[in-house]
A.B. asks: 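Have a look at the structure that comes next, please.
Throughout, numbering of the chain's residues begins at 1 and tracks the sequence.
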Amino acid sequence: MQNNSKIQDLDAYIPKAMEDWEIPGLAIAVVKDDEIVFGKGFGVCELGEPETVNEHTIFAIASNTKAFTSTAMGLLVQEGKLDWDDLVIEHLPGFRMYDPYVTNEITIRDLLCHRSGLQTGGGDLAIYGSNRSREEVIHIARYIKPTSSFRSSYGYTDSMFIVAGQIIATVSGSSWDAFIKHRFLEPLSMTRSNTSIKELMGDGNIAIPHQMVQDKITPLPYRNVDSLGPSASINSTAWDMAQWLRCQLNNGEVGENQLIDKDILEETRIPHTPIQIPPFIKKIIPNIHFISYGLGWVLLDYHGRLVVRHTGGVDGMCSMVTLLPEEKLGIVVLSNKLPNRFVFALSHHVMDSYLDTSPRDWNRLFLDLDSELATQEAARKQREKEDQVKDTQLSLSLQEYAGVYKDQLYGDATIEIQDGQLVLLLSAHPNISGYLEHWHYDTFMCQWTDPMFDQNLLPFILDGQGKVEKFRLKVRDVLDPLEYEFYRVSGDTTI
């Protein structure tokens, strides 16, 4: 690894910014002209513990897994085993979407570019961290209602990448996990990378997830996201990911071997689905002209260059991978705090260093944005409190709200009485409980034991006879924007 004068300030810049963002640990690797010019870790693996982060520390890369899946599909295209525009039902005859027309028309390409008609995050509650198998996740896709017409707009969905992974397994004859290991991780010498938290057991030098819990940065256990597999389950290191960047930037060549055809990589970088530029991005990057989704990658322009990138976020982990193919420049940033937008700031800082653009204080820009969004969220919660109607009573006794309920998409949920309080238990998430406090009328505030779920209002709906018919559940938009309707199927449960 060679030193590089263009980014010699990183040793001072990164620790200071990590303090601003309260990030316990971070690792970064920078690739330029097929060399790793910077690879280093900062901070600690876990707050309160002595082990420090280095370039070989394992982090969850979450949705940066998607580019592995789309490129894996490209290998099968390269080998003539399928085509990007094959119908999904040609390879998975039992696959169904909510709309029969979409079932019959959706292609592999559609799966990989988020244009299925589903809403961003729609249905994620039913699969995220659940005990469902990937086959079960694919089955329940038929119950997710679309929010736009097919191929008309961008809707970021994990479930479609899980379907893509199942096609890879069906066509290749091996599991998605084995395919990724044998076709990418082993040839690229990504020796510390894997596709499941089960493979972390007994390993050392692992970053622990952290998240803000009651205004305090708190270590969290790893959540098992194996059901997300092809969408979000890879764990890796900055050094290992640098090998992935080298392969991507070197037109698929690894040493003297052509691992991936150049044409396949270029196909994944073609804009497929336009993404509306958020106002805050336009404000921070005024010279941006487009954002689009390719196949497993987000595409945008920056100072006349194509930027190929993706973020990854899962409990307590946040990552970003950035490629500037024309500059043969690649950046990977891995961190163990979610959320944090420093991964954006750091990536832009490095890009500017190589593009010799006018320096900008990206850290301050994203800190200000974070503060603005936090203010908006606080205002939303305040409006929620102000909308609470005081001094109202429940229509029924607690026992009459308890029972077993069912939503077609999610499945079963149980409401029990525990120590005089209603508690919501979700069948696919047995380690999570929601404690219900009366809010007003027949609506409760559900406080989840899982910080990722946070809290949400939960209204009960009575039928014409004054009995509980159902309750509605809508968790945080960042987790799932859909509203679920759980209909009562049996009587009360008391503990």
A.B. asks: Report yes or no: does Ser172 contribute a side-chain atom to a donor-acceptor pair with the main-chain N or O of Ile168 at less than 3.5 Å?
C.D. replies: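 Judged by distance alone, yes, a pair lies under 3.5 Å.
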
A.B. asks: How about Tyr222 and Pro209: do any of their side-chain heavy atoms sit closer than 4.5 Å?
C.D. replies: yes

A.B. asks: Would Asp86 and His91 count as a side chain to side chain donor-acceptor pair (under 3.5 Å) here? Give the steps.
C.D. replies: CA-CA 8 Å; Asp86 282 355; His91 301 286; 2.9 Å; yes

A.B. asks: Decide yes or no on side chain to side chain contact (heavy atoms under 4.5 Å, CB included) for Phe95 and Gln166, but give the supporting numbers first.
C.D. replies: CA-CA 11 Å; Phe95 175 70; Gln166 192 64 22; over 6 Å; no

A.B. asks: Would you check if the side chain of Gln78 reaches a backbone N or O of Asp261 as a donor-acceptor pair within less than 3.5 Å?
C.D. replies: yes

A.B. asks: To the closest 0.5 Å, what do you measure between CD (Gln248) and CD (Glu253)?
C.D. replies: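 Answer for the CD-CD pair, Gln248 versus Glu253, is 13.0 Å.
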
A.B. asks: First locate atom CG of Asp361, then atom NE2 of His349, and finally report the distance between them rounded to the nearest 0.5 Å.
C.D. replies: 9.5 Å

A.B. asks: Is any side-chain N of the basic residue among Arg223 and Asp450 closer than 4.0 Å to the acidic one's carboxylate O?
C.D. replies: yes

A.B. asks: So Asp110 and Ser116, side chain to side chain donor-acceptor pair (under 3.5 Å) or not? Walk me through it.
C.D. replies: CA-CA 6 Å; Asp110 295 321; Ser116 66; over 6 Å; no

A.B. asks: For Ala428, does its backbone N or O pair with a side-chain atom of Tyr410 as donor and acceptor, under 3.5 Å?
C.D. replies: yes

A.B. asks: Quick one: pull up CG in Leu200 and CG in Asn205 and give me the separation to the nearest 0.5 Å.
C.D. replies: 11.5 Å

A.B. asks: Compute the centroid of each ring, for His348 and then for Trp362, and state whether the two points are separated by less than 6.0 Å.
C.D. replies: yes

A.B. asks: Any side-chain donor-acceptor pair under 3.5 Å between Trp21 and Asn363?
C.D. replies: yes

A.B. asks: Using 30° and 60° as the class limits, which term best fits the ring planes of Phe68 and Trp244: parallel, tilted or perpendicular?
C.D. replies: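 Rings of Phe68 and Trp244: parallel, under 30°.
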
A.B. asks: For Gln276, look at atom CD and say whether over 12 heavy atoms of other residues, nucleotides or ligands are found less than 6.0 Å away.
C.D. replies: no

A.B. asks: Measure up the Phe42 and Phe38 rings against each other and bin them: parallel (under 30°), tilted (30 to 60°), perpendicular (over 60°).
C.D. replies: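 Phe42 and Phe38: parallel rings.
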
A.B. asks: How many angstroms lie between OG in Ser227 and CG in Asn131, if you round to the nearest 0.5 Å?
C.D. replies: 8.5 Å

A.B. asks: Checking the side chain of Thr273 only, and the main-chain atoms of Arg115 only, is there a donor and an acceptor separated by less than 3.5 Å?
C.D. replies: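 Between the backbone of Arg115 and the side chain of Thr273 there is no qualifying donor-acceptor contact (under 3.5 Å).
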
A.B. asks: Calculate, to the nearest 0.5 Å, the distance between atoms NZ and SG belonging to Lys337 and Cys318 respectively.
C.D. replies: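 It comes to 10.0 Å.
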
A.B. asks: Using side chain to side chain contact (heavy atoms under 4.5 Å, CB included), reason through Leu329 and Val31 one step at a time and then give a plain yes or no.
C.D. replies: CA-CA 6 Å; Leu329 174 67; Val31 171; over 6 Å; no

A.B. asks: Pair Ser231, Asp158 - check side chain to side chain donor-acceptor pair (under 3.5 Å), show working.
C.D. replies: CA-CA 6 Å; Ser231 177; Asp158 287 317; 2.4 Å; yes

A.B. asks: Test salt bridge (Lys or Arg N to Asp or Glu O under 4.0 Å) on Glu79 and Arg183; report intermediate values, then the result.
C.D. replies: CA-CA 13 Å; Glu79 295 166 1; Arg183 302 300 296 271; 2.5 Å; yes

A.B. asks: Would Asn340 and Ser335 count as a side chain to side chain donor-acceptor pair (under 3.5 Å) if you check the C-alpha gap in whole Å, the side-chain angles of each, and the deciding distance to 0.1 Å?
C.D. replies: CA-CA 9 Å; Asn340 82 77; Ser335 68; 2.9 Å; yes

A.B. asks: Does any part of the side chain of Met351, heavy atoms only, come nearer than 4.5 Å to the side chain of His303, both counted from C-beta?
C.D. replies: no

A.B. asks: Looking only at heavy atoms, which two atoms of Gln258 and Asn251 are closest? And how far apart?
C.D. replies: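 Minimum heavy-atom contact is NE2-O, 2.6 Å.
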
A.B. asks: Can you name the nearest heavy-atom pair linking Asp124 to Tyr484, along with the distance?
C.D. replies: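 Closest heavy-atom pair between Asp124 and Tyr484: N-OH, 4.2 Å.
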
A.B. asks: Which heavy atom of Val225 sits nearest a heavy atom of Ser233, and at what distance?
C.D. replies: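 Heavy-atom minimum between the residues: O-CB, 3.9 Å.
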
A.B. asks: Does the side chain of Trp448 come within less than 4.5 Å of Leu426's, by heavy atoms?
C.D. replies: yes

A.B. asks: Quick one: do Lys328 and Asp33 make a salt bridge, cutoff under 4.0 Å?
C.D. replies: no

A.B. asks: Whether the side chain of Asn336 engages the backbone of Ile208 through a donor-acceptor N/O pair (distance < 3.5 Å, no angle test) should be reported.
C.D. replies: yes

A.B. asks: Can you tell me if OH on Tyr13 sees more than 12 non-hydrogen neighbours from other groups inside 6.0 Å?
C.D. replies: yes

A.B. asks: Could you tell me whether Asp177 and Arg134 have a side-chain N and a carboxylate O separated by less than 4.0 Å?
C.D. replies: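 Yes, Asp177 and Arg134 are salt-bridged.
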
A.B. asks: Is it the case that the side chains of Gln408 and Arg142 hold a donor-acceptor pair, with the cut-off being a distance below 3.5 Å and no angle test?
C.D. replies: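 No pair is found: no donor N or O on one side chain lies under 3.5 Å from an acceptor on the other.
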
A.B. asks: Is there a side chain to side chain contact (heavy atoms under 4.5 Å, CB included) between Arg151 and Thr107 once you walk through the steps?
C.D. replies: CA-CA 11 Å; Arg151 295 181 183 150; Thr107 66; 3.7 Å; yes

A.B. asks: If I compare all heavy atoms of Ser189 with all of Asp240, which pair ends up nearest, and what's the gap?
C.D. replies: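 Closest approach of Ser189 to Asp240, heavy atoms only: O-OD1, 4.0 Å.
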
A.B. asks: Does Arg360 use its side chain to pair, donor to acceptor, with the backbone of Ile284 at less than 3.5 Å?
C.D. replies: yes

A.B. asks: For the pair Val308 and Leu300, evaluate side chain to side chain contact (heavy atoms under 4.5 Å, CB included) and give the outcome as yes or no after the intermediate values.
C.D. replies: CA-CA 7 Å; Val308 181; Leu300 62 148; over 6 Å; no

A.B. asks: Ring centres of Trp297 and His310 under 6.0 Å apart?
C.D. replies: no

A.B. asks: Would you call the rings of His114 and Tyr154 parallel, tilted or perpendicular if under 30° counts as parallel and over 60° as perpendicular?
C.D. replies: perpendicular

A.B. asks: Checking Glu326 side chain against Arg305 main chain: does a donor-acceptor pair fall under 3.5 Å?
C.D. replies: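 Not confirmed, Glu326 side chain does not pair with Arg305 backbone.
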
A.B. asks: What verdict does the salt bridge (Lys or Arg N to Asp or Glu O under 4.0 Å) test give for Asp20 and Lys16, after you've listed the backbone C-alpha separation in whole Å, the side-chain angles of each residue and the deciding distance to 0.1 Å?
C.D. replies: CA-CA 7 Å; Asp20 295 334; Lys16 171 61 175 64; 3.0 Å; yes

A.B. asks: Met160 and Ala141: which non-hydrogen atoms are nearest, and at how many Å?
C.D. replies: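 Here Met160 and Ala141 meet closest at CE-CB, 4.4 Å.
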
A.B. asks: Check the side chains of Asn54 and Trp239 for a donor-acceptor pair under 3.5 angstrom, ignoring hydrogens and angles.
C.D. replies: no

A.B. asks: Is any side-chain N of the basic residue among Glu327 and Lys6 closer than 4.0 Å to the acidic one's carboxylate O?
C.D. replies: no

A.B. asks: Please report the C-alpha distance between Tyr293 and His272 in whole Å, then the side-chain angles of each, then the deciding distance to 0.1 Å, and finally whether the ring pair (Phe, Tyr, Trp, His ring centres under 6.0 Å) criterion is met.
C.D. replies: CA-CA 6 Å; Tyr293 206 89; His272 282 70; 9.1 Å; no

A.B. asks: For salt bridge (Lys or Arg N to Asp or Glu O under 4.0 Å), just list the numbers for Arg109 and Glu267, CA-CA rounded to whole Å, side-chain angles, deciding distance to a tenth of an Å, and then say yes or no.
C.D. replies: CA-CA 10 Å; Arg109 189 185 300 274; Glu267 189 75 20; 2.8 Å; yes

A.B. asks: Are more than 12 heavy atoms, taken from residues, nucleotides or ligands other than Lys181, located less than 6.0 Å from that residue's NZ atom?
C.D. replies: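 No, NZ of Lys181 has 12 or fewer neighbouring heavy atoms, counting only those of other groups under 6.0 Å.
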
A.B. asks: Is a side-chain N or O of Ser130 found less than 3.5 angstrom from the main chain of Ile127, in a donor-acceptor match?
C.D. replies: yes

A.B. asks: For the side chain of Ser63 and the backbone of Gly312, is there at least one donor-acceptor N/O pair under 3.5 Å apart?
C.D. replies: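 No, the answer is negative, given that no donor and acceptor are paired below the 3.5 Å cut-off.
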
A.B. asks: Checking the side chain of Ser292 only, and the main-chain atoms of Pro271 only, is there a donor and an acceptor separated by less than 3.5 Å?
C.D. replies: no

A.B. asks: Where is the tightest heavy-atom contact between Pro146 and Leu118, given as atom of each residue plus distance?
C.D. replies: CA-CD2, 3.9 Å

A.B. asks: Got a second to check how far Thr195's OG1 is from Ile180's CD1, nearest 0.5 Å?
C.D. replies: 8.0 Å

